[in-house]
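One structure is given here, and the rest of the page talks about it.
The basis for the numbers below is simple: all heavy atoms, side chains too, and nothing from hydrogens, waters or symmetry mates.
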Amino acid sequence: MEIYFLLKNIFAWLWEIIKHPIFVSLLTYFVFDAILQYRKIIGKIDSKLFFYQSTLVSLGSINTDRANEEKWECSNELRALAGDLGATYKTVLIKWFFSLTKVVPPEKDIQEVINKFRSLYNGVFEKDPTKKNSIDKIRELLKIPPRWWV
C-alpha cells in the first residue's frame, strides 16, 4: 500500500513539473526550436539541391564566364549548407531519442551527408556522372521525399 501511495505521489509531482509553464518554455526553447531549425535546414537543402542540380550534373566541362560564375556560386552554397547542417544538428538535444523516433537521422548519416556535400562542392568544376547518385543519396539519408515533377 505504501509503494502505491509513493508512486502516486511521484507521478503527481512529475505531472506538476511537466505542466509548469517554465518547464514547457524550456522544453520548447531547448528541444523543439532546435528540431524546427533542423527541419528548416532540410527544406533549404532540398530547395538548393533542386536549384543547382543542372549546374552540378551538366556544367562540369563547360568553361564560359557565366558557367564558371554559376559553379562558384553553387560550390559556395553547398559548402554553406554542409556547415549549416552540421551546426544545426549539433544543437539538437537528446539526439538518441529523436534518432530512435526517426525525427532526425543518426549522426553517422549526417556525417555521410556532409561527406557527400564535400565531394559535390569540390567536384563542381569536373564532369562526373556520379554526382546525380550523390544528390540522390543525400536526399535518401536526410529522408527528403523525391520531387515528382523532376
Side-chain angles (χ1 to χ4, degrees), residues 10-11 13-150:
I10 288 174
F11 287 127
W13 178 75
L14 280 174
W15 178 248
E16 288 299 318
I17 289 175
I18 290 171
K19 72 178 188 177
H20 198 277
I22 292 175
F23 179 79
V24 172
S25 297
L26 290 174
L27 188 68
T28 301
Y29 182 74
F30 287 110
V31 177
F32 297 126
D33 282 350
I35 295 214
L36 180 64
Q37 291 300 321
Y38 172 78
R39 297 307 305 167
K40 285 180 182 179
I41 290 296
I42 297 300
K44 194 173 179 182
I45 288 172
D46 180 32
S47 173
K48 294 297 181 179
L49 284 178
F50 177 71
F51 184 76
Y52 288 117
Q53 186 166 357
S54 64
T55 303
L56 288 167
V57 175
S58 65
L59 289 181
S61 61
I62 300 172
N63 284 325
T64 64
D65 289 340
R66 174 80 174 129
N68 285 335
E69 185 180 316
E70 279 186 36
K71 288 188 249 181
W72 277 111
E73 180 183 328
C74 176
S75 178
N76 290 336
E77 283 287 335
L78 293 178
R79 192 180 308 260
L81 286 174
D84 290 347
L85 176 66
T88 305
Y89 186 77
K90 296 261 188 230
T91 63
V92 175
L93 296 177
I94 49 179
K95 287 180 201 66
W96 61 269
F97 174 73
F98 290 116
S99 291
L100 287 175
T101 57
K102 307 285 187 211
V103 174
V104 297
E107 191 165 353
K108 67 178 179 59
D109 288 352
I110 296 295
Q111 283 299 325
E112 188 174 346
V113 166
I114 291 172
N115 288 336
K116 293 286 182 191
F117 268 121
R118 186 176 295 124
S119 70
L120 281 177
Y121 66 69
N122 285 335
V124 166
F125 293 96
E126 303 163 2
K127 184 141 178 85
D128 185 7
T130 62
K131 287 181 189 175
K132 177 74 170 114
N133 296 338
S134 293
I135 293 170
D136 292 340
K137 188 67 174 173
I138 288 172
R139 288 180 174 281
E140 176 189 326
L141 289 172
L142 294 177
K143 309 285 188 277
I144 299 173
R147 291 180 178 248
W148 56 270
W149 60 82
V150 177

query: Only one of D33, T91, L85 forms a side-chain contact (heavy atoms from CB on, under 4.5 Å) with Y38, so which one is it?
result: L85
message: To the nearest 0.5 Å, what is the distance between OG on S47 and OH on Y52?
response: 9.5 Å
field: Trace of the side chain to side chain contact (heavy atoms under 4.5 Å, CB included) decision for L78 with L56
entry: CA-CA 10 Å; L78 293 178; L56 288 167; 3.8 Å; yes
- request: Without swapping roles, check the side chain of K95 against the backbone of V104 for a donor-acceptor pair under 3.5 Å.
  value: no
query: Pairs in or reaching into residues 67-108: which pass ring pair (Phe, Tyr, Trp, His ring centres under 6.0 Å), with residues at least two apart or in two chains?
result: W72-F125
statement: In short, Q37 meets T88 closest at the heavy-atom pair C-CG2, 3.6 Å
- line: Residues passing the salt bridge (charged side-chain N to carboxylate O under 4.0 Å, His left out) test with E140, sequence neighbours excluded, are K137
message: With a 4.0 Å cut-off on N to O distance, would you call R66 and E70 a salt bridge?
response: yes
- prompt: P105 and I110: which non-hydrogen atoms are nearest, and at how many Å?
  reply: CG-CD1, 3.7 Å
message: Using modelled atom types and a 3.5 Å cut-off, is there a donor and acceptor pairing between side-chain atoms of T55 and backbone atoms of K71?
response: no
message: Looking at I22, I'd like to know if its CD1 atom is crowded, meaning that more than 12 non-hydrogen atoms belonging to other residues, nucleotides or ligands lie closer than 6.0 Å.
response: no
- line: Separation between CD1 (I41) and CG (L36), nearest 0.5 Å, reads 10.5 Å
- line: Residues at least two apart in sequence or cross-chain that pass salt bridge (charged side-chain N to carboxylate O under 4.0 Å, His left out) with K90, listed by chain then number, are E107
statement: dist N115:CG -> R118:CZ (nearest 0.5 Å) comes out at 5.0 Å
- prompt: Atom CG in D136, atom CD1 in I144: separation rounded to 0.5 Å?
  reply: 11.0 Å
field: Check: L120 and I138 side chains under 4.5 Å, non-hydrogen atoms
entry: yes
query: Just how far is it from atom CG of D109 to atom CD1 of I114, taken to the nearest 0.5 Å?
result: 11.5 Å
message: Is any side-chain heavy atom of K131 closer than 4.5 Å to one of Q53?
response: no
- prompt: Is the shortest heavy-atom distance from the side chain of V113 to the side chain of I45 under 4.5 Å?
  reply: no
query: Quick check: does any side chain N or O of K116 sit under 3.5 Å from a backbone N or O of N133, one acting as donor and the other as acceptor?
result: no
- prompt: Between SG of C74 and CG of L49, what distance do you get to the nearest 0.5 Å?
  reply: 9.0 Å
